[in-house]
Amino acid sequence: MEKVYRTHLLLCAGTGCVASGALNVRDALCAEIKQRDLADEIYVTTTGCNGFCAAGPLLVAYPDGIFYQKLTPADVPAFVEEYLVKGRVAKKHLFEPKKGAAPIPKLSDIGFFGHQVLVALRNRGLIDPDKIDEYIARDGYLGTAKALTEMEPRQIIDEILASGLRGRGGAGFPTGLKWRFAAEATGSPKYILCNADEGDPGAFMDRSILESDPHAVIEGMIIGAKAIGAHQGYVYVRAEYPLAIERLERAIQQAQDYGLLGEDILGSGYDMNIDLYFGAGAFVCGEETALMQSIEGRRGMPRQRPPFPAHQGLWGRPSVLNNVETFANVAQIIHRGAIWFSSLGTPKSTGTKVFALTGNVKNIGLIEVPMGTPLRTIVYDIGGGIPKKKKLKAVQVGGPSGGCIPEHMIDTPVDFESIPATGAIMGSGGLVVMDSSTCMVDVAKFFLEFTADESCGKCTPCREGTYQMLEILTRICHGKGQFEDIGTLEQLSRMIGASSLCGLGQTAPNPVLTTIRYFRKEYEEHINEKRCRAKTCKALLRFWVDPEMCRKCGLCVPACPVDAIKWEKKAVAEILLDKCTRCTSCYQACPFDAIE
Amino acid sequence: MAKLKVEDLKRIKESVKGTVNLRDGAARVKVTVHMGTCGIAAGARTVMNTLLREIESRQVQDVILTSSGCAGLCSHEPMITVEVKETAPVKYVKLDADKTKRIFAEHIMGGKAIVEYAFSVGSERTR
């Protein structure tokens, strides 16, 4: 029997909160609790990412379910006194939905959490990822037990097919179908692989799942192995994820100690093991054939398909590669049934999807919503809207392979049908909110810089094409755009998309195509008027002082680092364009918006 | 470590159920110890510790224990409120370790309120 405590303090120790000082807070808490002789009553533990990274370091106190945010070691004595000794809610650390609005104590009442439905992340913030017993307590390994002792491989595949689960890595291929191809393929041994080579800038869904619930991924891999007849699995995880690797290694060790990995799992007679392979962080290694080449010890480059990995994969053997989030869903589908899973989401896109919500939005963090949830709900109800009273301009979905969905299409539901219809892709789940201060040409350029840089160079359209497109975009941002540039970009995009070898090249033009489609006017302004309305493209900025708005205060003068402003008392300021470096310091310093 | 069988999963699950129940808020009984300054001065900590030890020694999984501030009856401290699911909450006053043990045995476990220790049944209304 475990020890009984009156209160559990579950402190988030995801990478985000650790970076903002969560471990110092934990040490201070433990010390304070010990000093006040409360160690027998209060249990402090750390969990994986809670999701609300913007509010960190944070903790959730049970059984009350109170969400405390923005803690520092200095706050700890007062917090312990108020909440743990006196038993009052520590108001200072409650979440305030708006400045001055009534704070919300209960986690489940906060909009950020209230609109989410957790399947892949169901254990986040509720269990200590380093304790396998806590995972088992929340129905852990029951899916594995059922699959290994009660089901035939065929039945497992049929259940996954019936659930409608589709690959969460981006393309949305039905997982059950992938498994069936590999199960029917001849050749042995077979391999089951997990893709944890999360490469999209700003995306951290897979890392978070591995950090907060590593056993869920292990379980998914064991069940997948049985379905296709594999006895060896590999997790391809990038070396830049040290915490995820540490927790995954510990989880594998614990599973082996318990006989949940290794020989004769749970007495079922089935053998299965999992090893880790560390990737060096090349974006292209998220492509399945490149990933397999990398594990084989060769340079990570994609190859022509067919033959598909289901027939000739790792070391030429039948292999299945699924994404971390896909695996995290599997055990629950087996345990709770395909009918339960397919009741979530839309008929064609079942279940939920995890997104890394970031950009110009108040509540930055990691969220999970049912498929078919409108973007509006994500941006406003969960994300809390746009800060600083600015206007929403677009939502970028799918990272460097995705596209920008404009404000007027904010009611688009997120699923595998509606998002591609806009020209973007679901991708692995990066979701960047952009306000009016974002230049759409610059955004396209940013993503293309990334793909041009990450192109492996094997096929010409991707290697040369992305480079050419980047040249044109850079030219446009520098005010040297030419009339025919938009047409050339569109033509290049079609060519690269149609003739590239792998997904990287095929989708690389998406950010350009969607921004041209929805924001063509901004491209035209850059090219014809040499103007950037978001004031991002510095080369296009011509600052001047509006004499009617200027109150002659002179605040712009000390703000200018290069003495480019001419001003005398009681006179309108003047900006000397030949000296101006376009640093925007005066623009930000002016209290009257007189500088444009 | 011995390799697990399917039954062992259920055994582990059972042994950590208390932890999970506490975090899920899924409990049959919720006991609140009123721990304002007045309560602590009058001995609320003894009551809290007695309850913790009772839960531990009886291996009870479905009772959660929590603390709150002063209940507004400082002269009657230490106090607890016992809420058995689907019945009205009962406030007990002027407690000590022995009274607490009896409440645990008869009310929390047995489901029968001890009228002589009780101050009131029900709670104030809030708006």
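Quick note on labels: first sequence line is chain A, next is B, and so on, each numbered from 1.
Heavy atoms closer than 4.5 Å to chain B are found in both the backbone and the side chain of A/V85. With a threshold of 4.5 angstrom between heavy atoms, A/T45 approaches chain B through side-chain atoms but not through N, CA, C or O. Residue B/L9 touches chain A through both its backbone and its side chain, counting heavy-atom pairs closer than 4.5 Å. Contacts of A/L10 with chain B are made by side-chain atoms alone, with heavy-atom separations under 4.5 Å and no backbone atom involved. At a 4.5 Å heavy-atom cutoff, A/I42 makes no contact with chain B through either its backbone or its side chain.
If you tally non-hydrogen atom pairs under 4.5 Å between each of A/T149, A/D139, A/V89 and chain B, the highest count goes to A/D139. No other option in B/V6, B/L52, B/L51 has as many heavy-atom pairs under 4.5 Å with chain A as B/L52. Between chain A and the options B/H34, B/K30, B/M48, the largest number of non-hydrogen pairs under 4.5 Å is found for B/M48. The candidate with the highest count of non-hydrogen atom pairs below 4.5 Å against chain A, out of B/E7, B/R45, B/K10, is B/R45. Note: A/A137 leads A/A61, A/A137, A/G259, A/G140 in heavy-atom pairs under 4.5 Å with chain B.
Atom CD of A/E150 sits in a crowded spot, with more than 12 heavy atoms from other residues, nucleotides or ligands closer than 6.0 Å. Open room surrounds CD on A/E263; 12 or fewer heavy atoms of other groups in view lie less than 6.0 Å from it. Counting heavy atoms of neighbouring residues, nucleotides and ligands inside a 6.0 Å radius, atom CG of A/D37 does not exceed 12 of them.
Rounded to the nearest 0.5 Å, atoms CG (B/D8) and CG (A/L266) are 8.5 Å apart. Atom CZ of A/R6 is separated from atom CG of B/N49 by 9.0 Å, given to the nearest 0.5 angstrom. The OH atom of A/Y5 sits 8.0 Å away from the CD atom of B/E56 when rounded to the nearest 0.5 Å. To the nearest 0.5 angstrom, B/I64 atom CD1 is 8.0 Å from A/D64 atom CG. Remark: A/Y62 OH to B/T66 OG1 distance equals 13.5 Å, nearest 0.5 Å.
Using modelled atom types, one side-chain atom of B/K3 and one backbone atom of A/Q256 make a donor-acceptor pair closer than 3.5 Å.
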Are B/V16 and A/I136 close enough, and set up right, to give a side chain to side chain contact (heavy atoms under 4.5 Å, CB included), and what steps lead you there?
CA-CA 9 Å; B/V16 258; A/I136 291 173; over 6 Å; no
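The pair B/R23-A/E134 counts as a salt bridge, with a side-chain nitrogen and a carboxylate oxygen less than 4.0 angstrom apart.
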